[in-house]
Protein chains: 4
Amino acid sequence: MKTEATAGGRRLAGRPRSAASRSAILQATHALLDTTTVRDLTIEAIAQKAGVGKATIYRWWPSKTAIVIEVLVEMMNSNTPLPKGETCLAVVRQHLSLIVKQYRGRLGRIVAEILAEAQFDAELLTEFHRRFFADRRAAVRGVIEAGVRDGEFSRALDVDAVIDTLYGAINFRLIARHMPRDPRFERSLGEIAATTLRVC
Amino acid sequence: MKTEATAGGRRLAGRPRSAASRSAILQATHALLDTTTVRDLTIEAIAQKAGVGKATIYRWWPSKTAIVIEVLVEMMNSNTPLPKGETCLAVVRQHLSLIVKQYRGRLGRIVAEILAEAQFDAELLTEFHRRFFADRRAAVRGVIEAGVRDGEFSRALDVDAVIDTLYGAINFRLIARHMPRDPRFERSLGEIAATTLRVC
Amino acid sequence: MKTEATAGGRRLAGRPRSAASRSAILQATHALLDTTTVRDLTIEAIAQKAGVGKATIYRWWPSKTAIVIEVLVEMMNSNTPLPKGETCLAVVRQHLSLIVKQYRGRLGRIVAEILAEAQFDAELLTEFHRRFFADRRAAVRGVIEAGVRDGEFSRALDVDAVIDTLYGAINFRLIARHMPRDPRFERSLGEIAATTLRVC
Amino acid sequence: MKTEATAGGRRLAGRPRSAASRSAILQATHALLDTTTVRDLTIEAIAQKAGVGKATIYRWWPSKTAIVIEVLVEMMNSNTPLPKGETCLAVVRQHLSLIVKQYRGRLGRIVAEILAEAQFDAELLTEFHRRFFADRRAAVRGVIEAGVRDGEFSRALDVDAVIDTLYGAINFRLIARHMPRDPRFERSLGEIAATTLRVC
DNA sequence: AGTTAATCGAGACGGTACGTCTAGTCTTATT
DNA sequence: AATAAGACTAGACGTACCGTCTCGATTAACT
């Protein structure tokens with residue numbers, strides 16, 4: 001038997017992965033999510049709808065939720081550039097509003113459901129954080145740290161705690177559904193952000 | 001309080017519900033939760049361990065998660081009296097710390113898992129809110145409103161938003177698991193609470 | 001309330017058996033048999049329809065089929081007097097025709113179904129034989145033996161074998177359903193009876 | 001004979017049916033029938049004993065009794081060639097004796113139980129007739145018709161009625177169990193056959 | 001051009017839990 | 001006692017998916 005990967009570059013024998021199957025699977029999943037929750041989604045239904053063998057799915061994804069994450073990421077594709085604003089506070093406030101709005105529809109439901117499924121699969125949770133939350137959190141963090149450097153925000157800030165406070169409120173209402181995520185909530189969040197970031 | 005039979009009207013015909021079975025089911029569920037997640041928990045395993053027919057479970061609970069909620073509520077029974085404190089702020093800070101600590105062990109995991117399961121069952125979510133969150137939230141709300149009346153806290157407060165901000169941070173870290181719920185987090189939350197409540 | 005059975009007999013303590021319940025059970029069973037097979041009949045459905053507790057049924061009958069046997073016997077009540085005829089052969093032939101006709105409707109179906117259920121319950125089979133077949137078989141036997149004594153029938157006859165031959169054919173078609181139990185069958189059976197009884 | 005794949009057309013897509021599973025199921029059923037009645041037999045027990053998923057059974061058989069029929073047919077495989085004899089009557093008599101003997105053991109019990117189960121499933125009854133009775137009946141019919149052509153038997157015969165008379169007697173005693181299927185019965189049946197076939 | 005090897009759709013496989021159903025038993029209060 | 005009501009344990013039902021496994025058929029890259 002020869003080596004699988006010869007000098008320098010990748011050297012795959014055999015039939016390459018079918019791009020058509022991959023996108024058929026993602027599209028089928030997307031379509032099914034209109035009428036089904038992530039939990040009620042089944043690999044069999046995806047395979048059926050995509051006209052694909054189950055094994056093909058299992059070859060490339062570890063679980064149905066992993067597919068959903070991929071669908072979600074493709075849905076969001078460059079959807080969330082950090083908004084512009086005069087001050088760092090303005091940027092943060094607008095971003096908070098944006099997220100509240102974004103989470104109002106199907107997307108919010110799917111995020112909540114992925115988080116739910118990921119409670120029972122640590123790797124999935126890590127993966128979701130890496131592919132969905134990480135960049136946005138880093139961006140927000142960057143803005144806040146800039147605000148601190150500029151003297152706009154308090155020097156004593158525990159940045160992570162503040163972020164979890166503001167975005168956690170959104171996620172908590174998303175998940176616990178005990179109160180609406182309405183314009184008043186957006187405004188109040190903005191006020192709280194102002195106070196916390198400047199005074200804390 | 002009167003006896004169950006007399007209060008409220010007619011005594012029902014037929015054999016009454018077995019208290020022994022009820023508590024066997026709750027105990028079995030409690031025990032199984034040591035080694036299983038809520039998702040991996042099965043009604044069959046509970047029935048088996050409790051020495052109970054499956055039908056008996058289905059007669060009294062709509063789903064396994066409903067049982068888990070009942071177990072959780074019995075676990076917490078008068079576990080969380082609102083702490084004493086000199087000022088309203090002190091009470092809130094101590095309560096936040098208490099919750100963070102409480103959520104660190106098995107209890108936190110179960111709360112997260114119930115929330116996860118409840119993402120796919122609206123009634124369950126309502127029920128969980130009613131039996132688990134509602135009282136504690138009302139208590140916290142009472143303290144904050146007292147603080148407002150006394151002039152200790154800001155008059156402009158959106159109390160619900162503030163509560164979701166503080167407790168949402170805890171729940172967000174519980175669910176997303178991206179950062180530890182450690183003493184530093186407790187301290188930071190306390191600071192943020194102080195700022196938000198007094199200045200906002 | 002006075003005692004129900006005083007003078008002349010046993011005086012049982014406690015509440016006596018309810019005649020109303022007994023007949024409600026039999027009537028309910030009778031009614032259900034219009035739309036259900038004996039197999040699909042359930043004790044629960046009988047109890048429900050009769051407005052009777054399940055335990056009451058179990059107290060007085062060992063199985064649902066036992067109830068069906070009782071219903072059947074009451075249905076047949078003095079239904080099958082041996083027909084009159086000039087000769088013994090004529091009596092037998094008419095009786096065969098009568099049975100073929102009787103078995104054509106619901107009654108035949110129920111007999112077949114009782115026999116089916118009784119394949120798995122030896123006591124039931126014995127009971128069914130005793131209450132349903134025994135008298136009629138004895139009567140037929142009597143006629144045939146009279147024919148033998150009179151010289152109308154062959155002296156060499158194995159009476160039981162002949163009976164099983166003639167009535168067995170009916171029961172076989174009733175159960176295996178491979179051929180109709182029609183007038184031609186009646187006629188042929190009569191011919192075979194004549195030959196067998198006289199020549200054998 | 002050709003291979004299965006080629007004969008009759010296109011090879012089907014997908015994994016082919018497992019011959020090992022099929023025979024494991026039949027063997028398990030065979031074994032269980034030693035200690036259980038057809039009624040008490042359960043699909044779960046068969047699946048368990050065969051080391052097979054329940055779905056595999058349901059995929060290929062409509063009911064447990066259908067499996068039992070298949071087991072029975074495989075048990076009988078070329079078990080019952082029509083016996084040789086000098087005359088047609090001799091053939092019929094020997095065949096009757098053979099069937100009586102064959103039905104004495106486990107096989108008789110199973111035939112009775114299948115007929116019992118099939119009282120509640122018309123398709124099953126048809127299937128059982130086709131796979132178990134049909135060929136043998138046709139063979140007997142052939143012999144009798146030959147006898148008629150040769151002048152050995154009566155020209156007036158209703159062949160089906162005669163067959164049901166002779167074999168019905170056997171089946172009736174098998175099912176009603178009111179009399180033994182012993183050598184005397186064999187002899188009497190033979191006598192009756194002789195009379196009926198020649199004189200009728 | 002032929003060979004090689006991983007891919008593909010299809011669908012059968014062993015397994016497991018589901019929620020339903022009925023059996024037969026057992027508590028109640030009532031008659 | 002016997003009754004109607006109905007809760008109880010037990011366990012099979014037939015279904016649905018799981019994740020794995022054969023199949024024959026494709027499809028490139030490497031001889």
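Protein chains get the first letters and strands the later ones, always in sequence-line order, with residue 1 at the start of each. Note that these values count all heavy atoms, side chains included, but never hydrogens, waters or copies made by symmetry.
- Atoms CD1 (D/I57) and P (F/dA12) sit 13 Å apart, rounded to a whole Å.
- Taking for each of C/Y58 and D/G53 the nucleotide of DNA chain E with the nearest heavy atom, the 5'-most of the two is the partner of D/G53.
- Residue whose closest nucleotide on DNA chain F sits further toward the 5' end, between A/A45 and D/K64: D/K64.
- Contact annotation: B/W60 reaches the phosphate of F/dC8 (side-chain N/O to OP1 or OP2, under 4.0 Å).
- Applying the salt bridge (charged side-chain N to carboxylate O under 4.0 Å, His left out) criterion to B/K54, with sequence neighbours excluded, gives B/E44.
- When rounded to the nearest whole Å, the span between CZ of A/R15 and C1' of E/dA5 equals 12 Å.
- With a 4.5 Å cut-off on side-chain heavy atoms, C/E117 and D/R39 count as touching.
- Between D/V52 and D/E44, the residue anchored nearer the 5' end of DNA chain E, judged by the nucleotide with its closest heavy atom, is D/V52.
- Put simply, the side chain of B/Y58 reaches to within 4.5 Å of the side chain of B/I43, judged on heavy atoms.
- To the nearest angstrom, C1' of F/dA16 lies 14 Å from CD of A/Q48.
- Among the atoms of the strands shown, base atoms are found under 4.0 Å from some heavy atom of B/T56.
- Under 3.5 Å, the side chain of A/K54 and the base of E/dG11 form no donor-acceptor pair of N or O atoms.
- Picking from E/dG19, F/dC8, F/dA4 the nucleotide with the shortest atom distance to the side chain of B/I43 gives E/dG19.
- In this structure, CG of D/L41 is placed 9 Å from P of F/dC13, rounded to the nearest angstrom.
- Within the 4.0 Å cut-off from OP1 or OP2 of F/dG19, not a single side-chain nitrogen or oxygen of A/W61 is found.
- Regarding contacts with the backbone of E/dG9, a side-chain N or O of A/S21 is found under 4.0 angstrom from either OP1 or OP2.
- Between C/L125 and C/D121, every side-chain heavy-atom pair lies at or beyond the 4.5 Å cut-off.
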Please report the C-alpha distance between A/E74 and A/R131 in whole Å, then the side-chain angles of each, then the deciding distance to 0.1 Å, and finally whether the salt bridge (charged side-chain N to carboxylate O under 4.0 Å, His left out) criterion is met. CA-CA 11 Å; A/E74 300 222 333; A/R131 296 188 62 177; over 6 Å; no
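- Note: CG (B/D40) to P (F/dC18) measures 15 Å, nearest angstrom.
- Residue A/R59 has a polar side-chain atom (N or O) positioned under 4.0 Å from OP1 or OP2 of E/dC8.
- Heavy atoms of C/A55 sit under 4.0 angstrom from at least one base atom.
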